[in-house]
Amino acid sequence: MLRFAAILSIIHLQFCIYMASLSPLIKSGKTIFTTNEITELWGTTYDSARNMIMLKVRRDEMYRIKPGIFTLNKNYNQFELGCKMMPGSYISLYSVLKKEGVIFQEFSHVYLIGPRARQIEIEKTTYEYHTIKKMLFLELGVKFNTQYSIASIERAILDCFTVFDTDFTDFNISKFNKELFLKLLKFYNKKVQKKASQFLKYFEL
């Protein structure tokens, strides 16, 4: 009876290894995964998924970034990791302005707006979260995809005016959408609205 149970255990382990293929993870288009996401993609139980993840980590088939967050290789998307580490956050501020060519400075930070203000350092990159609480649930000016959420140029500029004392005189605004900017502006406080008026006047918009 004990031998039969041992055989069943081995068969179950082999089945789990077979089911825990990396293919569903690769096909998902994501580069960062939580244990819950992997459980769903593998169609197994949470405990089985966790055990198989640890086995794959030991085999260097997956990498553990922090508790409960994993990647298939070191070429993961930093924006995706930033949003995954703090659900409800979106990429904004200088990260968006740099990505869209509005500014040209290099940063070792990934900037986000999130539910809590916090800094997390992962592999020499600092993920810097700022909070604008009443803006978190406003979807206008935020693009959502399967990997992460990211502010438009216009929302990122207004977020910068809220969080930092941002100098806009060197901005490249060739992609700027004034109509969206004005729609968003009414949701920000009077201090930001004043700065936005100066911005519009400076660029004669």
Side-chain angles (χ1 to χ4, degrees), residues 24-34 36-38 40-41 65-66 69-73 75-120 122 125-164 166 168 170-189 192-193 195-196 199-200 203 205:
L25 279 63
I26 295 169
K27 289 180 179 178
S28 73
K30 300 177 181 179
T31 66
I32 301 292
F33 303 90
T34 64
N36 284 330
E37 287 174 328
I38 296 172
E40 185 176 343
L41 287 167
I65 296 178
K66 63 190 305 286
I69 298 181
F70 305 88
T71 184
L72 300 180
N73 56 61
N75 297 319
Y76 56 82
N77 188 307
Q78 291 183 325
F79 286 1
E80 185 179 0
L81 174 58
C83 289
K84 200 62 65 76
M85 287 193 295
M86 188 179 290
S89 60
Y90 62 90
I91 306 298
S92 188
L93 305 164
Y94 297 134
S95 290
V96 170
L97 300 189
K98 170 61 180 175
K99 177 179 181 296
E100 297 295 339
V102 177
I103 59 177
F104 302 99
Q105 297 97 313
E106 295 294 334
F107 298 97
S108 60
H109 287 42
V110 174
Y111 292 95
L112 305 95
I113 300 297
R116 297 178 303 282
R118 189 180 179 190
Q119 286 192 358
I120 302 173
I122 303 288
T125 296
T126 299
Y127 296 80
E128 186 169 311
Y129 299 84
H130 297 267
T131 185
I132 310 175
K133 290 186 177 178
K134 73 174 187 176
M135 298 299 297
L136 285 175
F137 302 104
L138 179 69
E139 295 185 359
L140 181 66
V142 177
K143 303 170 188 176
F144 302 89
N145 59 44
T146 57
Q147 293 181 312
Y148 56 86
S149 304
I150 184 168
S152 65
I153 290 171
E154 299 74 22
R155 182 155 176 172
I157 289 173
L158 290 168
D159 286 349
C160 279
F161 290 170
T162 305
V163 174
F164 305 116
T166 301
F168 52 73
D170 290 330
F171 279 11
N172 169 19
I173 59 165
S174 59
K175 299 179 184 178
F176 182 76
N177 182 331
K178 181 181 177 181
E179 183 180 355
L180 177 57
F181 187 80
L182 292 175
K183 284 181 180 179
L184 285 163
L185 183 56
K186 63 184 179 181
F187 295 101
Y188 289 82
N189 62 36
V192 174
Q193 291 176 5
K195 181 105 174 181
F199 168 81
L200 293 171
F203 288 104
L205 296 170

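If you read the sequence from its start, that first residue is 1, and numbering goes on from there.
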Check your understanding: In Å, rounded to the nearest 0.5 Å, how long is the span from OG of S89 to CD1 of I150?
Key -> 11.5 Å
Review point. What's the verdict on side-chain contact (heavy atoms from CB on, under 4.5 Å) for M135 and L158, showing C-alpha distance, side-chain angles and the deciding distance?
Key: CA-CA 11 Å; M135 298 299 297; L158 290 168; over 6 Å; no
Revision key, fill the gap. Nearest heavy-atom approach of K84 to I69 is O-CD1, 4.2 Å
**Study point:** From CG (L97) to CZ (F104), nearest 0.5 Å
**Key:** 11.0 Å
Exercise for review: Please indicate whether Q119 has more than 12 foreign heavy atoms, meaning atoms of other residues, nucleotides or ligands, lying under 6.0 Å from its CD.
Suggested key: yes
Practice item. If the plane angle is over 60° it's perpendicular, under 30° parallel, otherwise tilted; pick one for F168 and F203. Key: tilted
Practice item. Check ring-ring contact (aromatic ring centres under 6.0 Å, His included) between Y76 and all other residues, then give those that pass, not counting sequence neighbours. Key: none
Point to revise | Full working for side-chain contact (heavy atoms from CB on, under 4.5 Å) between I113 and R155 | key: CA-CA 11 Å; I113 300 297; R155 182 155 176 172; over 6 Å; no
Practice item. Could you pull out the closest heavy-atom pair between P115 and P87, with the gap in Å? Key: CG-O, 3.6 Å
Practice item. Measure from the side-chain N and O atoms of N77 to the backbone N and O of T31, and report whether any donor-acceptor pair falls under 3.5 Å. Key: no
**Study point:** Interatomic spacing from OG in S149 to CG in L112 - rounded to 0.5 Å
**Key:** 10.0 Å
Practice item. Would you check, one step at a time, whether the test side-chain contact (heavy atoms from CB on, under 4.5 Å) holds for Y127 with R118? Key: CA-CA 8 Å; Y127 296 80; R118 189 180 179 190; over 6 Å; no
**Study point:** T34 side chain to N36 side chain, donor-acceptor N/O pair below 3.5 angstrom
**Key:** no
Review point. Quick check, are the ring centers of F164 and Y94 under 6.0 angstrom apart?
Key: yes
Point to revise | Distance in Å, L93 CG paired with I103 CD1, rounded so as to fall on 0.5 Å steps | key: 9.5 Å
Revision key, fill the gap. Sequence neighbours excluded, the answer for salt bridge (Lys or Arg N to Asp or Glu O under 4.0 Å) partners of K98 is E106
Point to revise | L205 side chain near I173 side chain, heavy-atom distance below 4.5 Å | key: yes
Exercise for review: Taking side chain to side chain contact (heavy atoms under 4.5 Å, CB included) as the test, write out the residues that go with S95, two or more places apart.
Suggested key: F79, I91, V110, Y111
Exercise for review: Would you give the length of the straight line joining atom CG of N145 to atom NZ of K143, rounded to the nearest 0.5 angstrom?
Suggested key: 10.0 Å
Check your understanding: Listed by chain and number, what are the salt bridge (Lys or Arg N to Asp or Glu O under 4.0 Å) partners of K178, not counting sequence neighbours?
Key -> none
Revision key, fill the gap. Here the gap from F176 atom CZ to F171 atom CZ, rounded to the nearest 0.5 Å, amounts to 10.0 Å
Review point. So, for G82 and Y129, which heavy atoms are closest and what is the spacing to 0.1 Å?
Key: O-OH, 2.6 Å
Revision key, fill the gap. The side chain to side chain contact (heavy atoms under 4.5 Å, CB included) partners of L180 (sequence neighbours excluded) come to L140, S152, E154, N177, L184
Review point. Between S108 and T125, is there a donor-acceptor pair closer than 3.5 Å when you use the side chain of the first and the backbone of the second?
Key: no
Practice item. Determine the minimum heavy-atom distance between Q193 and L185, stating which atoms define it. Key: NE2-O, 3.4 Å
Exercise for review: For residues N73 and T71, report the shortest heavy-atom separation together with the two atoms involved.
Suggested key: O-OG1, 3.0 Å
Practice item. Please name all residues satisfying salt bridge (Lys or Arg N to Asp or Glu O under 4.0 Å) with E100, sequence neighbours left out, ordered by chain then number. Key: K175
Review point. Would the number of heavy atoms belonging to other residues, nucleotides or ligands and lying under 6.0 Å from NZ of K66 be above 12?
Key: yes
Exercise for review: Kindly give the heavy-atom pair with the smallest separation between I32 and E80, and that separation in Å.
Suggested key: N-OE2, 3.2 Å
Point to revise | Residues I153, F181; criterion side-chain contact (heavy atoms from CB on, under 4.5 Å); working and verdict | key: CA-CA 9 Å; I153 290 171; F181 187 80; over 6 Å; no
